[in-house]
2 protein chains.
Amino acid sequence: MVALAQEMETGTLHEQIVAKLRGVLLDGELGDGARIPEAQLCLRFGISRTPLREALKVLAAEGFVELRPNRGSIVAPIDPVEVAHVFELKGAIEHTIGRLAAVRATPEDRTRIEQAHAELGAHPDPAAYTALNQEFHRALAAATHNPVLQQTYDNLQKRVLRLRFVVNENPTRVAQSFVEHENIMVAFRAGARLDLAERLEEHNRLTGEAVMRRLKREGA
Amino acid sequence: MVALAQEMETGTLHEQIVAKLRGVLLDGELGDGARIPEAQLCLRFGISRTPLREALKVLAAEGFVELRPNRGSIVAPIDPVEVAHVFELKGAIEHTIGRLAAVRATPEDRTRIEQAHAELGAHPDPAAYTALNQEFHRALAAATHNPVLQQTYDNLQKRVLRLRFVVNENPTRVAQSFVEHENIMVAFRAGARLDLAERLEEHNRLTGEAVMRRLKREGA
DNA sequence: GAACGATATTTTGCATTCAAAAATGATCCG
DNA sequence: CGGATCATTTTTGAATGCAAAATATCGTTC
């Protein structure tokens with residue numbers, strides 16, 4: 001089992017609860033549209049309803065939870081149209097990540113990115129793919145040294161992570177994806193800003209299209 | 001007094017509280033870094049601390065409020081570096097708004113955008129500027145028909161709105177800004193996607209630079 | 001046996017309460 | 001008179017309590 005919600009055990013208690021709860025949602029422990037068992041989660045986290053509900057509101061604002069007045073909260077149902085919109089926005093941000101990271105990446109950033117890329121190459125299995133891929137893109141985003149961008153990007157990334165089949169990526173797409181990553185790395189190493197930007201945007205578009213095809217097929 | 005926080009009286013009670021509280025923050029009623037008077041706001045909104053605190057956590061996640069463990073919440077202090085980062089990300093989104101709005105705007109969108117632009121032309125006073133300018137850009141964002149993008153954009157826009165001197169824009173910049181808007185409209189009317197995208201991004205950059213200069217001057 | 005409706009149970013949303021932490025300020029000593 | 005120490009008050013964070021709403025249960029009728 002790959003932990004998708006690799007949050008650190010840090011920050012305020014509230015932040016920790018948000019992180020844990022997000023973890024529950026991202027790991028698909030509660031399916032799409034499932035009722036969120038407040039009482040159960042309180043027991044599990046060893047807290048009362050007050051802080052849990054605070055976390056729920058935050059996650060609702062982030063788009064992971066849907067609050068239905070007087071009818072409790074549910075895991076936000078996946079809306080294919082919305083997923084497409086998330087990818088569209090993410091594309092814009094990927095482009096910017098490319099332009100900025102190519103120029104701003106420090107030697108440490110470069111090392112981390114190279115490392116993430118190498119790990120992806122070493123583990124071509126779909127099981128490991130999602131987490132490593134996540135790490136790779138996260139490292140690139142970090143190289144922009146723009147925390148506002150990073151956080152927005154991360155949030156969007158998490159939103160698509162909720163789709164189970166992104167996790168259980170198919171082997172063909174994984175292979176294709178790695179080829180795209182190779183090209184991304186070529187542009188990155190060369191410091192080719194616009195080239196990197198375009199490749200990242202294109203990679204996002206292709207991933208998005210794969211996801212949308214899958215969504216259509218599953219008729220979710 | 002121009003109401004910056006033009007939220008509607010709709011949605012769940014929770015959403016209304018978040019909106020009202022955001023209004024208090026955006027209208028600059030509480031200065032930068034000021035302690036948030038929980039008790040007072042509860043009185044004013046006629047609610048207890050529980051729902052108010054839920055709203056506070058949401059606004060903290062959005063970056064308007066800073067929660068200090070055991071020391072209460074304060075209006076998030078303005079960090080010039082962060083403001084620059086917000087503008088940088090907003091630039092990426094403006095570009096995308098341009099590319100998409102040029103193609104997707106419906107006749108109704110076009111009417112609304114033209115109207116917003118005309119109103120800006122009719123009221124060249126800095127006092128009215130912020131609200132009308134806000135409306136103009138909001139209308140353009142809406143023309144993308146991408147709610148995810150719209151919401152993210154709106155959130156960023158609100159973050160820069162917190163800077164009081166953006167509200168009290170200086171006349172020179174207002175005039176210059178309108179010229180940029182004119183050019184934006186030319187590209188928009190012509191359906192020139194990339195041209196519109198570039199002009200919007202450039203407009204954002206220039207606004208951002210004006211704000212940053214102001215920030216530096218005031219030494220905030 | 002299905003459909004409806006009345007009643008019991010659970011869940012939800014918010015107010016209240018309570019313990020712990022921080023801020024305040026009163027007292028003492030140098 | 002200034003500054004440290006300790007008691008007092010206030011504020012914070014979270015658990016609990018309570019009324020209203022929704023859901024489930026069950027009996028009744030057709």
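Keep in mind that the numbers below use all heavy atoms, side chains included, and drop hydrogens, waters and symmetry copies. Protein chains get the first letters and strands the later ones, always in sequence-line order, with residue 1 at the start of each.
- Here C:dC14 presents its P atom at 10 Å from CG of A:Leu67, a figure rounded to the nearest Å.
- Atom CD of A:Gln151 has 12 or fewer neighbouring heavy atoms from other residues, nucleotides or ligands inside a 6.0 Å radius.
- Summarising the local packing, CD of B:Glu202 is surrounded by more than 12 heavy atoms from other residues, nucleotides or ligands at distances under 6.0 Å.
- For B:Gln16 and C:dG13, the CD to C1' distance is 14 Å, given to the nearest whole Å.
- Ring geometry for B:His203 versus B:His181: interplanar angle over 60°, hence perpendicular rather than tilted (30 to 60°).
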- How does protein reach along nucleotides 6-18 of chain D, written 5' to 3' as B (base within reach of a heavy atom under 4.0 Å), S (only sugar-phosphate), or - (no contact)? -----SBBBBBB-
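- Tested against A:Leu21, the residues A:Val58, A:Val65, A:Leu56, A:Leu26 include a single side chain to side chain contact (heavy atoms under 4.5 Å, CB included) partner, A:Leu56.
- Applying the side-chain hydrogen bond (donor to acceptor under 3.5 Å, both in side chains) test to residues at least two apart or on different chains, the pairs with a partner in residues 73-86 of chain A are A:Glu82-A:Arg159.
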